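Values in this document were obtained by computation on a predicted structure and should not be read as measured data.
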Amino acid sequence: QVQLVESGGGLVQAGGSLRLSCAASGRTFSNYAMGWFRQAPGKERDIVVAISYSGRSTYYADSVKGRFTISKDNAKNTVYLQMNMLQPEDTAMYYCAAARTGTYYVRDSYDYWGQGTQVTVSS
């Protein structure tokens with residue numbers, strides 16, 4: 001079992017940066033793929049970035065390539081989302097998720113979800 005808690009969201013102007021953190025419980029963090037998803041009101045929850053079970057591969061949605069970076073610190077059981085050059089369309093609730101099995105860049109693979117942290121980008 002994994003329990004996830006996101007933090008680091010907030011209000012930022014377009015062009016600015018934020019770093020989101022996701023703290024995971026347990027000692028098996030390194031055995032999970034991790035992903036960040038986002039959802040705006042009335043819209044679907046979409047994958048933003050993900051990192052594979054090994055940590056050696058990453059996935060980035062086309063909309064965030066070159067701007068967002070996912071990383072994780074296994075010793076701290078924490079995964080990060082560095083968000084640069086933020087745009088208003090990045091405004092959403094951001095969720096951290098963990099997958100036990102399955103393709104790491106596929107939403108249906110994810111088993112555990114955090115409560116979300118709000119990111120709002122003003123123009």
For the student: nearest non-hydrogen atoms of Thr103 and Ser109, plus distance: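 What the structure gives for the nearest pair is O-OG, 2.7 Å.
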Nearest heavy-atom neighbours spanning Val2 and Ala98: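 Taking every non-hydrogen atom into account, CG1-CB, 4.4 Å.
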Partners of [X] by ring pair (Phe, Tyr, Trp, His ring centres under 6.0 Å), sequence neighbours excluded?
X: Tyr105; answer: Tyr59
X: Phe37; answer: Tyr110, Trp113
X: Tyr80; answer: none

Disulfide bond (SG atoms under 2.5 Å apart): pairs with one or both residues in residues 47-78, sequence neighbours excluded: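 Pairs touching residues 47-78 that pass the test: none.
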Disulfide bond (SG atoms under 2.5 Å apart) partners of residues 45-123, not counting sequence neighbours, each pair once: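 For residues 45-123, and leaving out neighbouring residues, the disulfide bond (SG atoms under 2.5 Å apart) pairs sorted by first residue read Cys22-Cys96.
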Applying the 4.5 Å side-chain criterion to the ILVMFWY set and letting contacts propagate, would [X] and [Y] be lumped into a single cluster?
X: Val5; Y: Tyr32; answer: no
X: Met93; Y: Val49; answer: no
X: Ile47; Y: Leu20; answer: no

Could you give me the CA-CA distance, side-chain angles and deciding distance for Tyr95 and Arg45, then say whether side-chain contact (heavy atoms from CB on, under 4.5 Å) is met? CA-CA 9 Å; Tyr95 297 90; Arg45 187 175 300 186; 3.4 Å; yes
What salt bridge (Lys or Arg N to Asp or Glu O under 4.0 Å) pairs are there with at least one residue in [range], not counting sequence neighbours?
range: residues 109-123; result: Arg100-Asp111
range: residues 1-12; result: none
range: residues 57-83; result: Asp62-Lys65, Arg67-Asp90

Can you name the residues that form a side-chain contact (heavy atoms from CB on, under 4.5 Å) with [X], not counting sequence neighbours?
X: Ser54; result: Ser52, Arg56
X: Val12; result: Leu18, Leu86, Val121
X: Ser7; result: Ser21

Inspect the surroundings of CD in Glu89 and state if more than 12 heavy atoms from other residues, nucleotides or ligands are less than 6.0 Å away.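 Above 12, so yes.
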Decide yes or no on side-chain contact (heavy atoms from CB on, under 4.5 Å) for Trp36 and Ile70, but give the supporting numbers first. CA-CA 8 Å; Trp36 286 95; Ile70 189 170; 3.7 Å; yes
With sequence neighbours left out, what residues match Ser63 under side-chain hydrogen bond (donor to acceptor under 3.5 Å, both in side chains)?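 Expected list: Arg38.
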I'd like to know whether Thr69 forms a side-chain contact (heavy atoms from CB on, under 4.5 Å) with Leu81, so could you lay out the CA-CA distance, the side-chain angles of the two residues, the decisive distance to 0.1 Å, and finally the verdict. CA-CA 6 Å; Thr69 304; Leu81 178 61; over 6 Å; no
Report yes if some heavy atom in the side chain of Met34 is under 4.5 Å from a heavy atom in the side chain of Leu4; otherwise report no.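 The answer is yes; the side chains approach within 4.5 Å.
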Hey, does Gln82 have a side-chain heavy atom less than 4.5 Å from the side chain of Ser71?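 The answer is no, as the side chains (C-beta and beyond) never meet within the 4.5 Å cut-off.
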Any donor-acceptor pair under 3.5 Å linking the side chain of [X] with the backbone of [Y]?
X: Thr91; Y: Thr120; value: no
X: Tyr104; Y: Thr58; value: yes
X: Gln87; Y: Met85; value: yes

Look up atom CG in Leu11 and atom OG in Ser122, then write down how far apart they are to the nearest 0.5 Å.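 OG of Ser122 is found 5.0 Å from CG of Leu11.
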Going through the distances and angles, do Val119 and Met83 end up as a side-chain contact (heavy atoms from CB on, under 4.5 Å)? CA-CA 10 Å; Val119 172; Met83 310 166 70; 4.1 Å; yes
